[in-house]
Number of protein chains: 2
Amino acid sequence: MLSPEQSSISQEMEKFIIHCKQAGLKVTHQRTIIYRELLQRPDHPAAETIHKRITKEVPSISLDTVYRTLATLEQHGLVKRIQTAESQARFEAAIFPHHHLICSACKDVMDIVWPEFDQIELPASIHDWGAISSKNAVMYGVCTNCQARC
Amino acid sequence: MLSPEQSSISQEMEKFIIHCKQAGLKVTHQRTIIYRELLQRPDHPAAETIHKRITKEVPSISLDTVYRTLATLEQHGLVKRIQTAESQARFEAAIFPHHHLICSACKDVMDIVWPEFDQIELPASIHDWGAISSKNAVMYGVCTNCQARC
DNA sequence: TTGACTGCAAACGATTTGCAATTGC
DNA sequence: GCAATTGCAAATCGTTTGCAGTCAA
């Protein structure tokens with residue numbers, strides 16, 4: 001979820017620490033590791049996946065802490081929860097605006113930037129409904145890997 | 001989920017029956033009731049909500065049948081599952097293409113049609129990824145009711 | 001008649017919670 | 001030192017499943 005030409009992981013980690021402190025969140029070892037894990041890989045892991053990966057670094061970390069941390073960071077806008085068709089939720093570091101491609105076969109989620117969509121105006125009818133804070137596009141399809149496999 | 005000027009509930013129910021028969025699905029009482037319930041109200045009920053509502057008509061229907069029916073109808077494209085930020089899945093009859101407005105406060109889901117988005121071209125970079133079968137916009141915000149309440 | 005469908009009850013997986021011990025500030 | 005955070009274990013919630021009886025075709 002990091003675009004390397006824009007900033008480095010360590011830069012993002014610094015921002016993360018500042019964000020936490022401003023929000024009154026303690027910068028614990030667990031939170032740091034979980035957030036760094038999300039930055040390091042461009043995929044969209046489930047809580048359980050994150051847990052498996054980081055137990056190599058911190059063997060004592062518990063799965064409930066991963067869940068709790070993700071929920072806390074989500075509340076503070078540092079992490080985004082991605083709704084997929086699967087039962088497990090998936091997560092990503094909330095760094096730059098983008099949209100999602102989901103493969104119906106392998107369930108993999110891919111990021112895309114789509115400035116044309118970001119710029120498009122909302123339908124006028126929305127104004128009566130309320131105030132929009134975010135708009136997001138989700139596309140379903142079959143990725144080339146899975147197409148080849150069939 | 002029905003746009004009244006386009007067709008009536010009974011017309012949609014006829015289509016539903018034809019669809020089922022073509023797909024080799026038996027037109028059972030339970031399936032009929034569940035689908036009609038989805039047509040009758042423009043909201044996006046969870047399986048449990050559907051079950052509560054229809055027990056007034058068919059007291060013996062079980063919650064697992066509702067789940068099973070929704071899954072079956074989803075597989076056949078007659079029903080759509082909506083991913084929200086909540087833990088429960090929500091459902092709607094799959095009748096015409098539209099997008100969703102979700103209120104972050106009351107979690108209510110509203111349908112909107114948005115032809116400008118439907119017509120917009122996908123980013124060229126997608127073609128390398130695979131074949132897209134659907135694209136959908138989801139907007140989060142706070143509805144006027146909830147704004148007034150705060 | 002017969003296989004598809006249903007209701008029941010029990011299992012399941014993902015996530016949440018209460019509590020005591022621990023840790024960052 | 002103290003409140004926030006963690007790890008543990010147990011609970012909860014939404015959903016799924018095996019099985020025997022039932023029903024649409």
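A, B, ... follow the sequence lines: proteins, then strands. Residue 1 opens every chain. Treat the numbers as computed from the prediction; the structure is a model and nothing was measured. What you see below is based on every heavy atom in this structure, not just the backbone, and it leaves out hydrogens, waters and symmetry mates.
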Student: OP1, OP2 of dG7(D) versus side-chain N and O of Q30(A): anything below 4.0 Å?
Tutor: yes

Student: Which nucleotide sits closest to the side chain of K26(B): dC25(C), dG7(C), dG3(C)?
Tutor: dG3(C)

Student: Pick the closest DNA chain D nucleotide for R31(A) and for Q88(B) by heavy atoms, then say which residue is nearer the 5' end.
Tutor: R31(A)

Student: Using the side-chain heavy atoms of L25(B), tell me which of these nucleotides is nearest: dA25(D), dT15(C), dC5(C).
Tutor: dC5(C)

Student: Whole-Å distance between dT5(D) P and I61(A) CD1?
Tutor: 14 Å

Student: Tell me the interatomic distance from I50(B), atom CD1, to dG14(D), atom C1', rounded to whole angstroms.
Tutor: 14 Å

Student: Would you say that more than 12 heavy atoms from the other residues, nucleotides or ligands in this model lie under 6.0 Å from the NE2 of H76(B), or not?
Tutor: yes

Student: Pick the closest DNA chain D nucleotide for H29(B) and for D64(A) by heavy atoms, then say which residue is nearer the 5' end.
Tutor: D64(A)

Student: Would you mind classifying the nucleic acid contact of S60(A) as base, sugar-phosphate or nothing, using non-hydrogen atoms under 4.0 angstrom?
Tutor: sugar-phosphate

Student: In terms of side-chain heavy atoms of S62(B), which of dG14(D), dG7(C), dA14(C) is nearest?
Tutor: dG7(C)

Student: How long is the line joining OH of Y67(B) and C1' of dG13(C), in whole Å?
Tutor: 13 Å

Student: So if I take every side-chain heavy atom of T28(A) and compare against dT16(C), dT5(D), dA14(C), which nucleotide ends up nearest?
Tutor: dT5(D)

Student: dT16(C) C1' sits how many Å from E48(A) CD, rounded?
Tutor: 15 Å

Student: When you check the phosphate oxygens OP1 and OP2 of dT6(D), does a side-chain N or O of T65(A) lie under 4.0 Å from one of them?
Tutor: no

Student: Suppose we call a contact any N or O donor and acceptor under 3.5 Å apart; does that hold for the side chain of R68(A) and the base of dG7(D)?
Tutor: yes

Student: Does A71(A) reach a base, just sugar-phosphate, or nothing at all? Heavy atoms under 4.0 Å.
Tutor: nothing

Student: Is it true that E86(B) and R90(B) have a side-chain N and a carboxylate O under 4.0 angstrom from each other?
Tutor: yes

Student: What is the nucleic acid contact for A89(B), judged by heavy atoms within less than 4.0 Å: base, sugar-phosphate only, or nothing?
Tutor: sugar-phosphate

Student: Please check if any side-chain donor atom of H44(A) sits under 3.5 Å from a side-chain acceptor atom of D108(A), or the reverse.
Tutor: no

Student: Of the nucleotides dT15(C), dT15(D), dG7(D), which has the atom closest to the A47(B) side chain?
Tutor: dT15(D)

Student: Quick check, are the ring centers of F117(B) and H99(B) under 6.0 angstrom apart?
Tutor: yes

Student: Distance check, rounded to the nearest 0.5 Å: E74(A) atom CD versus E92(A) atom CD?
Tutor: 11.0 Å

